[in-house]
Amino acid sequence: MTAVTAPWWREGVVHEVYVRSFSDGTGDGVGDLPGLRARLPYLRDLGVDAIWVTPFYPSADHDAGYDVIDHRAVDPRLGTLDDLDAVVADAHALGLRVMVDLVLNHVSSEHPWFRAAAEAGPGSAERARFHVRPGRDGGALPPTGWPSIFGGSAWEPFGDGEWYLHLFDVHQPDLNHDHPDVRADAERTLRFWLDRGVDGVRFDAAGGLTKDPAYPELPDGWQPGHASPYSDLDGVHDHYRRFAKVLSEYDGDRVGVAEVWGEPHVIGPYVRPDELQQAFAIDPLFRPLDATLWRRLLAEQLDAVVRHGRLPAWAHGNHDVKRAATRWGEDGARAVLLLMLALPGCVYLYAGDELALPEVDLPDEAITDPTYRRSGGTDRGRDGARVPLPWTTGPAPYGFAPDGTPTWLPQPDGWGTHAVERQEADPDSMLALTRRAIRLRDELWRGAGDEVTWLESLPAGWLGFRRGAATCVTRFGAGPDPDLGGLGEVLLTGGASDGSATWWLRGDRPGTTTDEEAGWDRR
Ligand code: NOJ
């Protein structure tokens, strides 16, 4: 009999390396591929299965690399193609997989196609590769009232009566994926990186590739997050069917993950059997730590993908949201980490959250995120979650770059208190907990199937479930520690005694311990 092993990604742990802020190997204050390569042993020691490397392609840097000038090259400031190959080869030698981030929804306004479109004039073939419409009122007003996700209008005038669509910054024109050149180019890009041996792909802004060709107005009362004519339309799934076919042509367990922000019913269709392997479960990131709410959220996320034979891709954090330790408090970040690692599925951890780095309140003049400018300063943007990592206790740049190098986003005073060096020496640190949890997860939870048996009669404010021969119990917020003895032997705890916490227990009588036996108060 041949043993069937699940692909690594099904219940893997992926570390998001925000490449500009991870490690600077060249001494210009910006993280890069040589810097990442030198730190791969740290990631191996963390115990993750894979890294997702954020964009390293030539960029005009209007959105920290998500405005791409050439999808099949490396920005010289971040390294070379040889450096990328070396990262992949070294990672593989260390047992790590590498995922890259493909930004197919839009390009940089400095991409040759867009430069040509700007020059070619109204009605030109060059403009057909983008979403270009005549303005209203003889060209004076945007074609529709669609808002940019970064603030302001989603349309920008060419100055000749036509306007182009940019769902993000004005320097990120949206590509028209109904155009054959655009489709062919996207597929070429996908193959280019798969041919170089990458193990997976994150599809940036995945829901945006199809727009309603009638460009209808948004309904009255529309709010961000509601259904729109430019996200998650039925037609977008044709693209993921094509990309999934390409992925399937390659050997090994390659994975495609859709970056989608919707509720479970919106993300489920992206993981149908002929589409991608994963779609992010991001929604919980925005939710307060409330046991009843989380029980529902988690169950809905599971249901939305398990019905297609897939498991969730839980996001514990990412570079677009506040740092977990600030969003949930450090106790909450620890408790949720253990909760997510115990659930069926793959967990995506954001680099620096294993150090419990807090969100940094940067000085106004240091902020680079376009959302800050486009919101007129009312939204301070996402740079506070992107401050370069502290590796050593000090002084600045704390081992991120050679001594004395100013970093692209300034590190605050005292950043060294969170340093890897310090946390490696502290058995109670977030880093130590993360390492222990990832290892123990393999033993306790990996391969335990997609079934979660919720413990139904926990006290208010508690959430618990059994999977396989182990039990995970989370207390949301402060409260008395119950007697967990009846549920099994406590193997790991993450959180705080006066805050949220999660316990992992090995049940010595799997499936037979009742809540009464465990000594829970029924409510
Ligand atoms: C999602 C990325 O995570 C974010 O950082 C970026 O600004 C947008 N997509 C646009 O590419």
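Computed from a predicted model, the values in this text were never measured in an experiment. Atoms considered below: every heavy atom in the structure, side chains included; atoms not considered: hydrogens, waters and symmetry mates. Just so you know, ligand 1 is whichever comes first in the structure, and atom 1 is the first atom listed for that ligand.
- Numbered from 1 in the order shown, with element, the atoms of ligand 1 that lie under 4.0 Å from a heavy atom of Arg382 read 4 (C), 5 (O), 6 (C), 7 (O).
- Both cation-pi conditions hold for Arg129 and Trp113: the charged atom is under 6.0 angstrom from the six-membered ring centre and inside a 45 degree cone around its axis.
- For atom 3 (O) of ligand 1, the nearest non-hydrogen atom of the protein is Asp320 OD2, 2.5 Å.
- Short contacts between ligand 1 and Arg386, defined as distances under 4.0 Å to a heavy atom of the residue, involve ligand atoms 5 (O).
- Residues Tyr66 and Phe168 keep their aromatic ring centres 6.0 Å or farther apart.
- Atom 2 (C) of ligand 1 has Asp204 OD1, 3.1 Å as its closest protein atom, hydrogens excluded (heavy atom only).
- Aromatic ring centres of Phe158 and Phe114 lie closer together than 6.0 Å.
- For Trp408 and Phe22, the ring centers sit 6.0 Å or farther from each other.
- Among protein heavy atoms, atom 8 (C) of ligand 1 sits closest to Phe168 CE2, 3.8 Å.
- For the residue pair Tyr215/His131, the side-chain donor-acceptor check at 3.5 Å is satisfied.
- Geometric assessment of Arg72 against the ring of Trp193 yields a negative cation-pi assignment under the 6.0 Å and 45° thresholds.
- Using 4.0 Å as the threshold, Arg202 has a heavy atom nearer than that to some atom of ligand 1.
- When ring centroids are compared, Tyr270 and His308 stay outside the 6.0 Å threshold.
- Protein heavy atom closest to atom 7 (O) of ligand 1, with residue, atom name and distance, is Asp63 OD2, 2.5 Å.
- Residue His106 has at least one heavy-atom neighbour below 4.0 Å for each of these atoms of ligand 1: 10 (C), 11 (O).
- Residue-level proximity to ligand 1 for Tyr18 is absent, since no heavy atom of it falls below 4.0 angstrom.
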